[in-house]
Amino acid sequence: MNEVFEGREKCYQCYRPISSCMCKHVKPISTRTKFVILMHPKEFKKTKNGTGRLTHLSLPNSELYIDIDFSDHTAVNTLINDSNNLCYVLYPGKNTLNLNQQKIESEGKQVIIFIIDSTWPCSVKMLRLSKNIQNLPKVSFSHTKSSQFRIKEQPKEFCLSTIESTLTLLELLNEQGIEEIEEGEFEHFLDPFTSMVEYQIGCASRTDESVRFIKRD
Ligand SMILES: [Zn+2]
């Protein structure tokens with residue numbers, strides 16, 4: 001199902017223009033853990049280089065909601081209030097469960113990880129407003145990878161895009177035995193993301209070309 005978006009036809013799956021639809025690159029991974037992507041409305045509008053939706057498409061066991069304050073969000077509160085669930089929010093900082101060093105003790109519960117899909121300043125605001133998410137125990141990880149997201153200004157080079165963070169999470173959950181994902185499945189997880197980055201860089205260099213062309217004239 002497509003619709004016209006900014007004068008161009010849009011893919012209703014990845015919310016990108018049909019001309020640069022990334023759906024064919026998506027290789028979904030089945031997980032025991034449920035991921036809930038909390039997307040800032042600004043991220044929703046940023047169709048060109050958002051990775052929250054690509055993450056959602058890559059994870060059949062995921063949900064995606066768009067808002068800033070989730071305090072009264074029915075679906076989110078239903079998940080948090082269900083005693084069969086063990087909910088965490090992925091958030092860096094002190095007093096977090098560092099998954100490189102500490103294990104999630106699920107004890108048969110459904111592990112749910114909320115992931116905030118937003119720029120750093122907006123995610124601080126989202127967590128401040130959303131008391132229900134703020135009160136969840138936090139998980140984090142330390143990593144040495146730097147983002148491949150060359151087209152997006154990251155405040156610090158260790159900030160990863162949502163899809164890269166999710167991949168790191170999946171790898172750590174696999175090490176902990178919470179997930180049993182075949183190693184080979186990870187190989188293509190970032191394909192829609194790398195294709196998107198390459199597409200955007202291609203667009204940028206074509207724009208440079210035309211600018212130079214105009215200047216020469
Ligand atoms: Zn698409």
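Counting starts at 1 for both ligands and their atoms, in listed order.
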Notebook entry, point to check: Is there a donor-acceptor contact under 3.5 Å from the side chain of Arg32 to the main chain of Ile178?
Noted result: yes
Next item on the list: Work out how many protein N, O or S atoms lie closer to the Zn ion (ligand 1) than 2.8 Å.
Entry: 4
Checklist line | Side chain Thr96, main chain Pro92, donor-acceptor under 3.5 Å | finding: no
Check: So do Phe189 and Leu59 actually touch side chain to side chain, heavy atoms under 4.5 Å?
Finding: yes
Next item on the list: Can you measure from CD1 (Ile29) to OG (Ser62) and round to the nearest 0.5 angstrom?
Entry: 12.0 Å
Item checked: Sidechain N-carboxylate O distance under 4.0 Å for Lys27, Glu185 -> no
Margin query: Just to verify, what does Lys109 make a side-chain contact (heavy atoms from CB on, under 4.5 Å) with, not counting sequence neighbours?
Written below: Leu86
